Engineer: 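Right, I'll just put the structure down here and ask away after.
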Amino acid sequence: MHSTPQQPEDAAEDRSLRLPVHAATVTAEDLRVRLVLAADFDDTLEIDASEVESVGQAVLQLLVAARAEAAGNGQPFRITNPSPAFIDRVTRSRLADAIGLESGDFQ
């Protein structure tokens, strides 16, 4: 029996950064590494926040820093599909502008 490896429908989705359901300090180091790699290899730095139910300070700090770094390098930065919980936490933390929610850098 001959089997062919399945190709992803969208290769860009393969490298997409998806925030975990609970984006907390324990997930921040992994996110930091993935942000650095994405910044090196992707034209647009896209972070999917659709599954987020809670997000901690360390992750928020990484997102603020990643957006600032992307802006400094002329690289587009976008939060995609932000969950209501993500939007609420970012807004209550007064970081909507720093993360890009106020300027429309989300889809």
Side-chain angles (χ1 to χ4, degrees):
M1 177 179 239
H2 186 317
S3 166
T4 359
Q6 291 185 349
Q7 295 295 327
E9 287 180 27
D10 184 357
E13 259 186 277
D14 249 7
R15 290 193 316 258
S16 68
L17 291 173
R18 182 172 302 225
L19 294 179
V21 172
H22 299 289
T25 301
V26 296
T27 64
E29 178 59 22
D30 178 58
L31 176 61
R32 184 193 66 77
V33 169
R34 292 185 301 137
L35 283 167
V36 168
L37 290 173
D40 287 344
F41 294 109
D42 295 336
D43 292 331
T44 299
L45 190 54
E46 287 190 359
I47 297 141
D48 183 335
S50 63
E51 297 178 4
V52 173
E53 292 179 10
S54 64
V55 59
Q57 179 181 351
V59 171
L60 292 175
Q61 289 173 338
L62 281 173
L63 293 174
V64 168
R67 183 168 185 258
E69 180 76 14
N73 292 331
Q75 182 179 32
F77 177 93
R78 194 171 11 237
I79 301 290
T80 60
N81 308 311
S83 70
F86 180 84
I87 291 170
D88 181 60
R89 175 73 162 117
V90 169
T91 303
R92 285 187 302 113
S93 299
R94 299 180 188 255
L95 293 173
D97 190 45
I99 288 179
L101 294 182
E102 290 294 317
S103 64
D105 287 345
F106 70 95
Q107 295 179 342

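Because the structure is a prediction, the values reported are computed rather than measured.
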Engineer: State yes or no: do F41 and V33 share one hydrophobic cluster built from I, L, V, M, F, W and Y residues joined by side-chain heavy-atom distances below 4.5 Å, directly or via other members?
Structural biologist: yes

Engineer: If you apply the rule side-chain contact (heavy atoms from CB on, under 4.5 Å), what do you find for I47 with T80, and how did you get there?
Structural biologist: CA-CA 6 Å; I47 297 141; T80 60; over 6 Å; no

Engineer: Compare every heavy atom of V59 with every heavy atom of A24, then report the nearest pair and how far apart it is.
Structural biologist: O-CG2, 3.6 Å

Engineer: On a heavy-atom basis, which atom in A38 and which in L17 lie closest, and how many Å separate them?
Structural biologist: CB-CD1, 4.0 Å

Engineer: Taking the side chain as C-beta and beyond, is there a heavy-atom pair between V90 and L60 under 4.5 Å?
Structural biologist: yes

Engineer: In Å and rounded to the nearest 0.5 Å, what is the CG to CG distance from N81 to L19?
Structural biologist: 11.0 Å

Engineer: Quick one: list whatever passes salt bridge (Lys or Arg N to Asp or Glu O under 4.0 Å) with E29, sequence neighbours left out.
Structural biologist: R32

Engineer: To the nearest 0.5 Å, what is the distance between OG1 (T91) and CZ (F86)?
Structural biologist: 9.0 Å

Engineer: Atom CD1 of I79 and atom CG of D48: how far apart are they, to the nearest 0.5 Å?
Structural biologist: 9.5 Å

Engineer: Any sub-3.5 Å donor-acceptor pair from T27's side-chain atoms to A23's backbone N or O?
Structural biologist: no

Engineer: For E46, which of R18, R34, R78 qualifies under salt bridge (Lys or Arg N to Asp or Glu O under 4.0 Å)?
Structural biologist: R78

Engineer: Treating N73 as the side-chain partner and Q75 as the backbone partner, does any N or O pair qualify as donor plus acceptor under 3.5 Å?
Structural biologist: no

Engineer: Can you tell me how far CZ of R67 sits from CG of L62, rounded to the nearest 0.5 angstrom?
Structural biologist: 15.5 Å

Engineer: When rounded to the nearest 0.5 angstrom, what is the spacing between CG in L101 and CG in L95?
Structural biologist: 9.5 Å

Engineer: With a sphere of 6.0 Å drawn around CZ of R92, does it hold more than 12 non-hydrogen atoms of other residues, nucleotides or ligands?
Structural biologist: yes

Engineer: Ignoring hydrogens and geometry, is there a side-chain-to-backbone donor-acceptor pair from S50 to S83 under 3.5 Å?
Structural biologist: no

